[in-house]
Amino acid sequence: MSDQYDAQQIEAKWQGRWAELNVDAASDDPADTRQRYYCLVMFPYPSGNLHMGHVRNYCLGDAVARYKRMQGYNVLHPIGWDAFGLPAENAAIKHGRPPAEWTYANIEQMRAQLKRLGLSYDWSREIATCHPDYYRWEQWLFTRLMEKGLAYQADAEVNWCEPCHTVLANEQVVDGQCWRCDTPVIRKNLKQWFIRITAYAEELLSDLDQLDGWPEKVVGMQRNWIGKSTGAEVSFALDGSDEALEIFTTRPDTLMGVTYLAVAAGHPLAVQAAANNAELAAFLDECSTVSTREADIETMEKKGMPLGVDAIHPVTGERIPVWVANFVLMGYGTGAVMSVPAHDERDFAFARKYGLPVKQVVRPQQGAWDIDQAAFTDPGVLVDSGMFDGLSSQEGGEAITAWLSEHGRGKARVQYRLRDWLVSRQRYWGAPIPVIHCPDCGAVPVPEEQLPVVLPTDLRPTGGASPLNDCDAFRHTSCPRCGGDAERELDTFDTFMESSWYMDRYTSPRDATAMVDAEAMARWVPVDQYIGGVEHAVLHLLYARFYHKLMRDVGLFTREQGGDEPFRNLLTQGMVLKDGAKMSKSKGNTVDPNAIIRRHGADTARLFTLFAAPPEKDLEWNDAGVEGAHRFLKRVWRLYDKLEAQHEGAADAATVRALRFAIHATIQKVTHAFEHGFAFNVAIASLMELSNALQDFTPAGAQARAAYREGLEALVTMLAPFVPHFACEMGELLGFESMAVLRAWPEVDEQALVQDEITLVVQVQGKKRGEISVPKDVSEEQALAAARANAGIAKWLEGMQIVKVILVPGRLLNLVVRPA
RNA sequence: GCCGGGAUGGUGGAAUUGGUAGACACACGGGACUUAAAAUCCCGAGGAUGGAAACGUCCGUGCGGGUUCGACUCCCGCUCCCGGUACCA
């Protein structure tokens, strides 16, 4: 008899054994002919405590990695630490410990927690991004980018978060608020470092098409974020001035219908006009304070004022008034638009409000349109447009753009919403930006031989400006170019710089000669399966795609070696909820993974998180459900006892056949779940069914005994990716020649799935009226005869004439009848 | 507003993509074992309705239509919920 299932003891035993035998390491041996598989989970910020979101993420990844190993793949499954960032500084301020000390202590603690979960990471590849051996390479890349003109310093209006005391990238502003602390951001003009992601806008957009292993939702979000629009730039001369006003429009076909122009409040023309107009100046002030929140913008009243300036229509030479309007954004396009009230709803509403003329220049292909009622925004046929009359919107737009181009008053233009990535942060705990400011030479990249620029780790942040400002040893240096006195750049990198390339670094984590090793990249990248939270849909996943292309283009690897995209397949997992809400300390609804592990063991925690919901949906935490998962393991544990016990008599052949059918149908289902969509909740449910079938089966007689053993062995083997310790221990009881986690994945015995007799559902008029047991290859006549012979079915056929018989082989028989 | 996803028992969720709706689990109820409890095992269960029972009938996958022998699944029109977001000219 087996002892009682003792998770704590079993889990310690197997974790020790796996570590000792180093079973989770990926092989870089060129002689290793196994197919390779790269399974990656989003690495954690080392906050010090694992939360349920991590647990879910890593259990999903571990199940995939373990399954692939059992399928015979050479699997790379690494882990590391996204170790720079604000929480370390905040903790440092609070506890008076240097961020480095706090961070490394947390890593120790979290590493122990991950190991306690029995996750099959290749720990020899562990990286921490706050280590100079790691961040030196992004410093190196940055200096290359400076040389290529892809990294630059510029004055710009940027998002500033006061509590965080730093600027933020566009992507980090959510509803006008800081993504970290939810404080409204302030617009400030500052000199900052940028990386020219806009130079890659087109490639980032078009390569989305190859990401067919990504959720459409994420692809769509990125597409929107990049925000490509095609149209034309038009130059309107200003009356009584040499200057011209540039506008961007996606509807050049409506140019002849322009009745006014509108500029943003921040536009130089508006500012200039306000200089001697107090009323206008007050209006501009009002515009600068409007919220950037989506909901507010939606309901915001459209307002404007005339600037008292006229522009000249580029084709007709007509005078057109220029207005300032609160809905025109300085940061997009040229900060000025042409307004065509007849063909744009917003312009229509604005024109109505201020009594501006509406001039229709496009009519529908068919039918009429009452332009006094509403704007006509669809494409159509050009009218009242002089030489362009009669053209379609498409042709007209092209013709007008061509005309403008010929006359030097405009040209075709593609506009993106995406803006350059602001990467400098006024914070201490980050990778130093490798730049030296020289009074004579300007901003000079730190030469390769002087890298890394090591961040001093003994400073204590106080909450205000970065302590680097007061660290003379760091600050004062000499210019690499002229040798004169110079100062180091004191800003550090956005932490998304580190997380943008860690997946590539895992392939050669200790390479001291290069950022990545091209051979290793060729071996592993792109990542076959990436798993993480959907909150990174735009931020991290966009930056990582961009970085991958940058690294390719500075020659770190070729397209053939590393591909154009870093992640082939992406799984975005749902959140873990408690009482319908996201777990958070402030809500007090957190569940501590360690407590679950102490109570029931890691395997129970793993099993429940995978069973409770499909991976991409939110998971509602349920303590009773955890108990249920634990009970299931105990039930499987006891199945072994029946193998040892003596049983009277012998099970009949049909019963044995039915069990073998169940076993192999289960193998088929579970394998399918791993190969299509990772529906582990369903996979585990079918393993439970198999367990129930074994429980109901008495292994009496040699045949039955063999079938029972076959079933139990298959069950234990298929449980290995989910509950590896449990599976290993049971495998040992069963006498497996190798550890359960190292076994080959079971194969379906097609013979076992062949059934001589099948159950056919019989419908009359599409309604189920009974079941019949018939031979597998039953003919329509035979099936019909069997159906008639069944009293429960026959009564529905009384007085009826069968007009149609539908036989779905192996499934059902449907009889269409009508009164005889 | 626009884009995406969704709505199935008391609950989480299944349904080989047009073929037995509710697998599996949780919660619940009843029973067995026990001095008792825990643990474990067995049985029940979508709703309504008929029957003493065996068993039967009708309704049922957000709402309304449609296609089909047959619809949770496909089509058209709605309602509500959840994510994302750009007044983007």
Side-chain angles (χ1 to χ4, degrees), chain A residues 4 174-175 215-225 227-229 231-232 234 247-251 254 261-262 264 292 294-295 297-300 302 325-329 331-340 344-347 349-350 415-417 534-535 537-538 574-575 608 611-614 616-629 631-632 634-635 638 665 668-669 672 676 679 681-692 695 759-771 792 795 803-817:
Chain A
Q4 227 199 319
V174 179
D175 283 343
E216 282 200 20
K217 173 185 174 157
V218 176
V219 171
M221 283 165 73
Q222 293 216 355
R223 187 167 281 132
N224 282 339
W225 191 262
K228 179 180 182 175
S229 44
V234 186
I247 64 96
F248 172 70
T249 180
T250 54
R251 290 292 303 274
T254 64
L261 302 183
T292 51
E294 171 76 12
I297 287 167
E298 196 60 51
T299 53
M300 183 177 81
K302 318 294 184 258
N326 64 352
F327 58 81
V328 180
L329 307 175
Y332 185 79
T334 58
V337 298
M338 65 180 210
S339 293
V340 187
D344 181 281
E345 279 169 28
R346 187 192 49 210
D347 294 346
F350 193 85
Q415 178 70 38
Y416 297 91
R417 192 186 83 97
V534 72
E535 64 273 19
V538 177
M575 289 187 299
F608 175 73
F611 177 64
E616 63 284 353
K617 283 187 87 170
D618 288 348
L619 184 160
E620 174 69 31
W621 191 263
N622 175 358
D623 290 329
V626 178
E627 297 284 342
R631 269 202 298 274
F632 168 68
K634 287 199 282 188
R635 273 201 301 277
R638 281 193 302 269
Q668 202 169 44
K669 277 193 235 171
H672 184 267
H676 304 278
N681 56 326
V682 185
I684 292 168
S686 41
L687 290 172
M688 287 174 170
E689 281 184 82
L690 177 57
S691 163
N692 291 343
Q695 205 165 354
T759 301
L760 212 54
V761 168
V762 181
Q763 297 183 334
V764 178
Q765 309 290 63
K767 292 192 180 197
K768 183 186 170 186
R769 295 304 183 193
E771 292 175 357
K795 73 176 181 187
V803 295
K804 194 170 178 184
V805 178
I806 295 123
L807 177 65
V808 182
R811 291 223 159 261
L812 62 74
L813 177 73
N814 188 16
L815 305 174
V816 186
V817 300

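The sequence lines fix the lettering, A, B, ..., with proteins before strands; numbering per chain opens at 1.
- If you measure from atom NE2 of His676(A) to atom P of A15(B), you get 13 Å, rounded to the nearest angstrom.
- Distances were taken from every side-chain heavy atom of Thr250(A) (C-beta onward) to each of C26(B), U40(B), A89(B); the shortest belongs to A89(B).
- More than 12 heavy atoms of other residues, nucleotides or ligands shown are found within 6.0 angstrom of CD on Gln695(A).
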What string of B, S and - do you get for nucleotides 46-51 of chain B 5' to 3' if you count protein non-hydrogen atoms under 4.0 Å?
-> ------
How does protein reach along nucleotides 2-11 of chain B, written 5' to 3' as B (base within reach of a heavy atom under 4.0 Å), S (only sugar-phosphate), or - (no contact)?
-> --S-------
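- Aromatic pair Phe327(A)/Phe350(A): ring centres closer than 6.0 Å.
- The distance from atom CE of Met575(A) to atom P of C82(B) is 12 Å, rounded to the nearest whole Å.
- More than 12 heavy atoms of other residues, nucleotides or ligands sit less than 6.0 Å from atom CD of Gln765(A).
- Nucleic acid contact class of Asn692(A) (heavy atoms, under 4.0 Å, all strands): sugar-phosphate only.
- Regarding contacts with the backbone of A89(B), a side-chain N or O of Ser229(A) is found under 4.0 angstrom from either OP1 or OP2.
- When Watson-Crick and G-U wobble pairs are counted only if both distances are under 3.5 Å, G1(B) pairs with U85(B).
- Residue Gln222(A) has no polar side-chain atom (N or O) positioned under 4.0 Å from OP1 or OP2 of G84(B).
- Across every strand in view, A25(B) sits in a pair with U11(B) that passes the Watson-Crick or G-U test at under 3.5 angstrom.
- In this model, the phosphate group of A27(B) is approached by a side-chain N or O of Arg631(A) to a distance below 4.0 Å at OP1 or OP2.
- Distance, Ile806(A) CD1 to G18(B) P: 17 Å, rounded to whole Å.
- Here the nucleotide nearest the side chain of Glu689(A), chosen from U40(B), A23(B), A25(B), is A23(B).
- A45(B): no Watson-Crick or G-U partner with both key distances under 3.5 Å is found in any strand.
- Gln415(A) has its CD atom 12 Å from the C1' atom of A86(B), to the nearest Å.
- Using a 4.0 Å cut-off, no side-chain N or O of Arg417(A) falls inside it from OP1 or OP2 of U85(B).
- Glycosidic conformation, U85(B): anti, with the torsion outside 90° of 0.
- Put simply, CD on Gln765(A) is 13 Å from C1' on U68(B), counting in whole angstrom units.
- Considering only the side chain of Arg769(A), U57(B) comes nearest among C24(B), U57(B), C41(B).
- Distances shorter than 4.0 Å separate none of the side-chain N or O atoms of Asn681(A) from OP1 or OP2 on C24(B).
- Taking atom CD of residue Glu535(A) and atom C1' of nucleotide G83(B), one finds them 12 Å apart after rounding to whole Å.
- More than 90° away from 0 lies the glycosidic angle of G84(B), which makes this nucleotide anti.
- Counting to the nearest Å, the P atom of U68(B) and the NZ atom of Lys804(A) are 10 Å from each other.
- Base pairing analysis places U35(B) opposite nothing; no Watson-Crick or G-U wobble pair with both distances below 3.5 Å involves it.
- Under the Watson-Crick or G-U wobble criterion, with both distances below 3.5 Å, C55(B) is paired with G50(B).
- Following rounding to the nearest Å, Lys767(A) (NZ) and A21(B) (P) show an atom-to-atom distance of 11 Å.
- Base pairing of C63(B): its partner is G77(B), meeting the Watson-Crick or G-U wobble criterion (both donor-acceptor distances under 3.5 Å).
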